[in-house]
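Accompanying notes for the structure given below.
Atoms within each ligand, like the ligands themselves, are counted from 1 in listed order.
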Amino acid sequence: MDGWMIRLMSMATHGIPDELLRNEELIKELEAVAKDSALLHGVLMRTKESPNSSEVVSYAPFTLFPSPVPSVIFHQALEISTHFNRLIDRVSQSPRFLEEALASTIKVDSFTAKLFNIYRQVQQDPQDMAIVLGLNRSDYMINHVDGKEALKQIEMNTIAASFGGLSSRTPNVHRHVLKVADRLEESKLILDNNPAAGLAKGLAMAWELYGSERAVVMFLVEDIQRNIYDHRYVENELWARNIRVIRRQFEDVSRSGYLDQNKRLFVDGQEIAVVYFRNGYMPQNYKLEQSWEARLMMERSCAVKCPDISTHLVGTKKVQQELARPGVLESFFPDEPETVTQIRATFAGLYTLDMGEEGDQNVAMALAKPDQYVLKPQREGGGNNIYGNEICCVLESLNSTERSAYILMDKIQPRPTYNYLCRKGDPVRLKMCLCELGVFGAYVRRGTEVLMNECVGHLLRTKNAEHADGGVAAGVAALDNPLLI
Ligand code: ADP
Ligand code: MG
Ligand code: MG
């Protein structure tokens, strides 16, 4: 074991006492109980081998135990959620800011450039009284420095933020495991959570405002649908309200989609009230040029887009970095110094790499201490970031223009916890883990009138500390629940 591991181990917090974590016989029993409980409660995922079949399914990766999270910090993350909703919504309505923030990035990052191109085209033809639906997830880690803990934002997901469905089901699994482990008191501390209902509330409100009984909500989905049950929880909340839902891919929209003279969107003959993007956030999602044309058509339509193209762009890492510049938050909340302070408190150090003196200084800073930073491209879905010495290799290989495809961020150092990760096909072993807390936000606006602005739930994901990067879908993290301490 190297020094780094020993240092981390000595810092680890123990939400679950040592004698329980190390009781091998009991762990074996709990593993079996937990996996059955996950299946019974619907914490499900299709398998890697047959990702589009519901014939044989398994449990989604989850932790055997909940993980400790300081109560004050947890509530801070929930309380700030509606401020982030407003921030995202305001930034999405500021073409000047988006143009300036992304100017250097779109010169070198072709994916962001293509999104931006759609944005510019839609800007030519603004819609009065457009209905805007934002369903997002702000992710955090708890930075632990000099004995102090602080909530720090990792990123903001404004498109296809996932696990609102499955995380509605995991509390019952951990409650059951803790009861079987004879930890009734802890089991009572597991919080209820139902992001699926809150996300669906936003979708339902947008559907209602669209105002056509016949129109449907379209989930725009990938061709590979391993995580379908996560979607289904949201979908079923809509069916329960007698709102029809269809699932379609870019290809379906290309093949059969059209706009009528009033810009109403039709796909396979059905009028679409809301397009809910659970796809479209990665370059490989746009398999053909027609996929881009389909995205443009949807954006030009009067259907509600979740997210619309401007809100999608607000979720880029470059925008995150530009928002952290002095004075920027103030410009979006001119009369709310308290809101600015609360949001800014969650920002880690974020640094531009754009051409110029500031960018050069930031590069020098990263090269001097690469272990203190994360280098991030404009990508989503986990597994894209660069860490440690590889930061030096990448930065040294780029010229000053190409650097703008990335931003630099302080590396957050959370306190490790011990847990077992239950993952299909892997034996469970005690691992040192790191947690990431996500908070779901939902808002609806029509024209200038905000009609909904809510925090609708949380998601705790936990990964083996050996992995620098990656989420649940990327095969690294597992679904968890906070045990407030
Ligand atoms: P993505 O949009 O691909 O999810 P993220 O910014 O969330 O990109 O990064 C992916 C993962 O990398 C996170 O889930 C987290 O585990 C890790 N990570 C990202 N930023 C940081 C950071 N500043 N400090 C420590 N870990 C980070
Ligand atoms: Mg993301
Ligand atoms: Mg992420």
> Out of curiosity, Leu115 CG to Thr105 OG1, how far, rounded to the nearest 0.5 Å?
Replying inline: 12.0 Å
> What about Tyr387 and Tyr373, are their ring centers closer than 6.0 Å?
Replying inline: no
> Is the backbone N or O of Asp480 less than 3.5 Å from a side-chain atom of Thr462, with the two atoms forming a donor-acceptor pair by type?
Replying inline: no
> Taking only residues at least two apart or on different chains, which pairs with a member in residues 189-198 satisfy side chain to side chain donor-acceptor pair (under 3.5 Å)?
Replying inline: Ser168-Asn194, Arg175-Asp192, Asn193-His458
> Can you tell which of Arg247, Arg46, Arg278, His231 makes a side chain to side chain donor-acceptor pair (under 3.5 Å) with Gln225?
Replying inline: Arg247
> Got a second to check how far Asn385's CG is from Arg379's CZ, nearest 0.5 Å?
Replying inline: 11.5 Å
>> Under a 3.5 Å threshold, yes or no: a donor from one side chain and an acceptor from the other, between Arg295 and Tyr286?
In response: yes
> For the residue pair Lys317 and Gln378, what are the closest heavy atoms and their distance?
Replying inline: N-OE1, 3.2 Å
>> With salt bridge (Lys or Arg N to Asp or Glu O under 4.0 Å) as the rule and sequence neighbours excluded, what pairs involving residues 340-349 come up?
In response: Glu330-Arg344
> Do you know how many protein N, O or S atoms are within a distance smaller than 2.8 Å of the Mg ion (ligand 2)?
Replying inline: 4
> Under a 4.0 Å heavy-atom cut-off, which residues neighbour ligand 1?
Replying inline: Met141, Ile154, Glu155, Lys317, Val374, Lys376, Arg379, Glu380, Gly381, Gly382, Asn385, Tyr387, Met409, Asp410, Lys411, Ile412, Glu436, Lys463, Ala468, Asp469, Gly470
